[in-house]
Amino acid sequence: MKYLSEYRNPELARRYLEELHRVTTRPWTIMEICGGQTHSLVRNGIIELLPPQITMVHGPGCPVCVTSIQVIDEAIYLAMQENLILCSFGDMLRVPGSTISLLDAKARGADIRILYSPLEAVQIAIQNPQKEVVFFAVGFETTAPANALSVIQAEKMQVQNYSILASHVLVPPAMEALLSDAENKIDGFLAAGHVCTIMGMDEYYPVAEKYKVPIVVTGFEPLDLLQGILMTVMQLERGEYKVENQYARAVQQAGNTMAKASMEEVFAVTDRVWRGIGPIPQSGLEVNNRYKKYNARLRFRLHIPPAAENKDCISGDIMKGLKKPVQCPNFGSRCTPEHPLGAPMVSSEGSCAAYYHYTSGIANVKNTIADEV
């Protein structure tokens, strides 16, 4: 399969579905880690076509959704400072902090700029030497290398007014946290293909072995997902728990060694609080001592207190696979993309946004989910 249309071939999709219906004999709960996979599953109607014994639950693989309120508040505090330009990916602007969002701060006069690359922020710093420029560096292992490169580039060019507010999170510790939860119902994982293009597969073997769960590295197109689900179910039906690679056209065993080297050059592993889930040990990346002058938390001596989660938002239960978006009493009523209670309704990778935008007849979907649970 070389071209995009081939990953969406309806005849192949039908064959995968027929095989899934043939081999599935028992109930299985499978979590797709990545929000991009969630959107593809929902947008293409795959969830509704799977055998009734298969329940797909949606993981914490949306970087916007898991960024803690405290970090959002840090970004808002920085944005409101005089002579400071805060640069961010667009998804972060409408995520609620404890009181306001970055979009609210922008409306109040904060100089917030939406970028597609952290290297643009370095250029803005060079063009505005009289101002401090901070890049809001969120995301998983996928975006961390580019953010690390921006720091390396700033040092090479001796840019003195650039720093990053790092809030990177790591996938394998989150998987272990979910599997360690007494309430977890996960039988197998679809691992996020783009994370594995950077990190490779080696980190997943200990997880699969320790918790006896199959992990299939999977892409994002309909045939990727159907094949990944089939590979997972076949392992489960055989009583196996291996790490397999469905996304072989993009993922190498060792990952991208140059990207990993950039991450290791700039970042150190640290504990991190995940929004809706709580603290997970050794699950984040922070700027290391070698590059501490580019760490915005140290540069601006940030001491923003932790803020309480919105009790009306059940995103934690959704990202742990315990509930689905349509089981939230506020879904589509008090919580919409225009007026979100939590990040999963705002983000382009959020599971609530996927259900909101791509499911027709919310009441029918709610009834279906209620029957499953």
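This chain uses plain numbering: 1 for the first residue, then up along the sequence.
Of all non-hydrogen atoms in I215 and A191, the two that sit nearest each other are CG2-CB, 3.8 Å.
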Which is it for H39 and Y355 under the ring pair (Phe, Tyr, Trp, His ring centres under 6.0 Å) test, yes or no, and what are the steps along the way?
CA-CA 8 Å; H39 274 248; Y355 276 76; 9.3 Å; no

| request: Run the numbers on Y247 and T197 for side-chain hydrogen bond (donor to acceptor under 3.5 Å, both in side chains), then give the verdict. | output: CA-CA 9 Å; Y247 204 33; T197 61; over 6 Å; no

Checklist entry - Does the pair W274 and S283 meet the rule for a side-chain hydrogen bond (donor to acceptor under 3.5 Å, both in side chains), with working shown? => result CA-CA 9 Å; W274 293 53; S283 68; 2.8 Å; yes

* Evaluate side-chain hydrogen bond (donor to acceptor under 3.5 Å, both in side chains) for D224 paired with Q246, printing each intermediate quantity in order. => CA-CA 7 Å; D224 289 329; Q246 181 280 328; 2.9 Å; yes

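Between the side chains of E349 and T38, no donor-acceptor pair of N or O atoms lies under 3.5 Å. For the 3.5 Å distance criterion, the side chains of E132 and N83 fail to qualify, holding no donor opposite an acceptor. A donor-acceptor pair shorter than 3.5 Å cannot be found between the side chains of Y77 and H303.
The closest donor-acceptor contact from the side chain of S150 to the backbone of N147 lies under 3.5 Å. Of the possible donor and acceptor atoms, one in the side chain of E141 sits under 3.5 Å from a partner among the backbone N and O of V171. Distance alone, capped at 3.5 Å, places no donor-acceptor pair between the N288 side chain and the A268 backbone. In this structure, the side chain of E240 does not engage the main chain of L236 through any donor-acceptor pair within 3.5 Å. Side-chain atoms of Q235 come within 3.5 Å of backbone atoms of K242 as a donor-acceptor pair (strictly under, hydrogens ignored). Between the N184 side chain and the L179 main chain, a donor and an acceptor come within less than 3.5 Å of each other. Looking only at distances, no side-chain donor or acceptor of E264 sits under 3.5 Å from a matching main-chain atom of A261. A distance-only check finds no donor-acceptor pair linking the side chain of Q227 to the backbone of Y16 [under 3.5 Å]. For the pair Q70 (side chain) and I304 (backbone), a donor-acceptor distance under 3.5 Å is present. Under a 3.5 Å cut-off, the side chain of N161 and the backbone N or O of N128 do form a donor-acceptor pair.
Residues passing the side-chain hydrogen bond (donor to acceptor under 3.5 Å, both in side chains) test with Q158, sequence neighbours excluded: none. In terms of the salt bridge (charged side-chain N to carboxylate O under 4.0 Å, His left out) criterion, residue partners of E11 (sequence neighbours excluded) are, by chain and number, R14, R15. Checked against ring pair (Phe, Tyr, Trp, His ring centres under 6.0 Å), F267 has the following partners two or more places apart in sequence or in another chain: H168.
Between E176 and K210, at least one side-chain nitrogen of the basic residue sits less than 4.0 Å from a carboxylate oxygen of the acidic one, meeting the salt-bridge criterion. Salt bridge status for E82 with K131: absent, with no side-chain N to carboxylate O gap under 4.0 Å. With respect to K106 and D104, no salt bridge is recorded, no charged nitrogen being found less than 4.0 Å from a carboxylate O. The pair R297-E286 meets the salt-bridge criterion, since a charged nitrogen lies less than 4.0 angstrom from a carboxylate oxygen.
Rounded to the nearest 0.5 angstrom, L225 CG and Q37 CD are separated by 5.5 Å.
In summary, the aromatic rings of F135 and F89 are positioned with their centroids under 6.0 Å apart. The six-membered or imidazole ring of F220 lies near that of H194, with a centre-to-centre distance under 6.0 Å.
In this structure, Y162 and Y294 have tilted ring planes: the angle between them lies in the 30° to 60° band.
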